Amino acid sequence: MRWVALAGAAALLSTVAAVGCGGPQQKCQSDSECGPAARCEPESHVCVERKEDTTCSPACAEWQFCSETVCYERYQTIAVLEPAAGTVDGGATVRAQLQPVAAWIDLKQHAKLEYRVNNGATVANSGDLLLANEAGVYAGHLSVAAGNYTLTAGFPGYPTGAPVSGDVAITVDTTAPTFTVDAGTRSFGSGPANEQDPQLSGAFKRNDVITVSITSTDPDLDEDSVALTVQGI
């Protein structure tokens with residue numbers, strides 16, 4: 001059995017030397033002193049992790065884990081990583097992460113999570129958040145009309161008892177940004193003028209230099225989402 005250090009030990013509890021790890025262990029008298037994912041070892045009176053098994057019948061919910069015929073919570077919450085509260089674009093990325101109750105709890109690779117965009121008590125829209133990486137992050141994109149909402153993330157269907165994120169207040173802006181393109185001043189490259197096609201008067205040569213400036217007054221524009229494509233002949 002692997003001993004595990006736990007935070008939050010009561011001030012009056014004594015400690016014993018760690019076995020197989022680098023710090024003291026929490027002494028205990030009952031399971032309630034060990035947190036949601038550990039139990040009190042009756043012989044040594046030290047908090048140890050609960051081992052996951054398959055002894056539960058009926059089976060635990062997908063957000064729980066089974067240990068010695070009892071279902072326990074696997075996650076303490078779901079954190080919305082993106083977007084932050086404030087104004088967002090209509091197709092903004094949504095990212096949420098499962099937060100386990102303890103560091104040694106395995107993150108299950110669930111098929112998906114769900115986000116909901118709420119207008120008061122009404123669900124204005126919802127969408128899938130698909131697994132993005134092994135750190136328990138799930139991602140998707142908003143699809144909702146302009147307006148003020150609260151965004152949450154949870155398990156599909158928001159089943160009773162499952163963890164749900166806190167509310168994130170967002171204002172969805174679906175107005176497309178406008179741009180001003182300034183081609184600046186042309187710097188002519190060297191070489192004879194007959195390098196240009198006479199049918200394309202004023203066309204740029206390959207060694208001509210020009211600096212293009214693109215500006216927008218949209219306060220919510222993501223600069224990384226803007227790309228310039230130069231089409232040649």
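Keep in mind that what you see is a predicted model, and the values were worked out from it rather than measured.
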J.: Which heavy atom of Thr152 sits nearest a heavy atom of Tyr158, and at what distance?
T.: OG1-OH, 2.8 Å
J.: Could you measure the distance from the SG atom of Cys34 to the CD atom of Glu41? Nearest 0.5 Å is fine.
T.: 10.0 Å
J.: Could you go step by step and tell me if Glu68 and Lys51 meet the salt bridge (Lys or Arg N to Asp or Glu O under 4.0 Å) rule?
T.: CA-CA 8 Å; Glu68 299 176 348; Lys51 288 190 174 182; over 6 Å; no
J.: Classify the side-chain pair Gln76/Gln99 by whether it contains a donor and acceptor separated by less than 3.5 Å.
T.: no
J.: As an exercise, state the distance from OG of Ser165 to CD of Gln97, rounded to the nearest 0.5 Å.
T.: 12.5 Å
J.: If the condition is side-chain contact (heavy atoms from CB on, under 4.5 Å), which residues does Asn148 pass it with, not counting sequence neighbours?
T.: Thr171
J.: Locate the shortest heavy-atom distance separating Asp53 from Thr69; write the atom from each residue and the value.
T.: OD1-N, 4.4 Å
J.: Take the SG atom of Cys66, take the SG atom of Cys60, and say whether they are under 2.5 Å apart.
T.: no
J.: Answer whether the closest heavy-atom distance between the side chains of Val94 and Leu129 falls below 4.5 Å.
T.: yes
J.: May I ask you to check whether the SG atoms of Cys40 and Cys28 are separated by less than 2.5 Å?
T.: yes
J.: For a salt bridge (Lys or Arg N to Asp or Glu O under 4.0 Å) check, start with the C-alpha distance between Arg39 and Asp31, then their side-chain angles and the critical distance, and finish with the verdict.
T.: CA-CA 5 Å; Arg39 62 179 179 82; Asp31 289 351; over 6 Å; no
J.: Tell me the closest heavy-atom pair linking Ile78 and Ala96, and the distance in Å.
T.: CG2-CB, 3.9 Å
J.: Which heavy atom of Trp63 sits nearest to which heavy atom of Gly161, and what is that distance?
T.: NE1-O, 3.4 Å
J.: Under the criterion side-chain contact (heavy atoms from CB on, under 4.5 Å), I'd like the reasoning laid out for Phe155 against Glu62: C-alpha separation, chi angles, the key distance, then a yes or no.
T.: CA-CA 9 Å; Phe155 278 80; Glu62 64 174 321; 3.6 Å; yes
J.: So which heavy atom on Pro156 is nearest to which on Pro159, and how close?
T.: O-CD, 3.4 Å
J.: Kindly indicate whether a cation-pi arrangement holds for Arg50 with Phe65, taking the cut-offs as under 6.0 Å to the six-membered ring centre and within 45° of the axis.
T.: no
J.: In the single-linkage hydrophobic clustering (I, L, V, M, F, W, Y; side-chain heavy atoms under 4.5 Å), do Val123 and Val164 co-cluster?
T.: no
J.: Who clusters with Val137? Use side-chain heavy atoms, under 4.5 angstrom, across I, L, V, M, F, W and Y, and order the result by chain and number.
T.: Leu81
J.: Using side-chain heavy atoms (C-beta onward) and a distance below 4.5 Å, is Leu98 in contact with Leu113?
T.: yes
J.: If you take all heavy atoms of Ala124 and Tyr149, which pair is closest and at what distance?
T.: CB-CE2, 3.6 Å
J.: Drop me the distance from His110's NE2 to Tyr75's OH, to the nearest 0.5 angstrom.
T.: 3.0 Å
J.: What's the spacing between Glu52 CD and Ile105 CD1 if we round to 0.5 Å?
T.: 7.0 Å
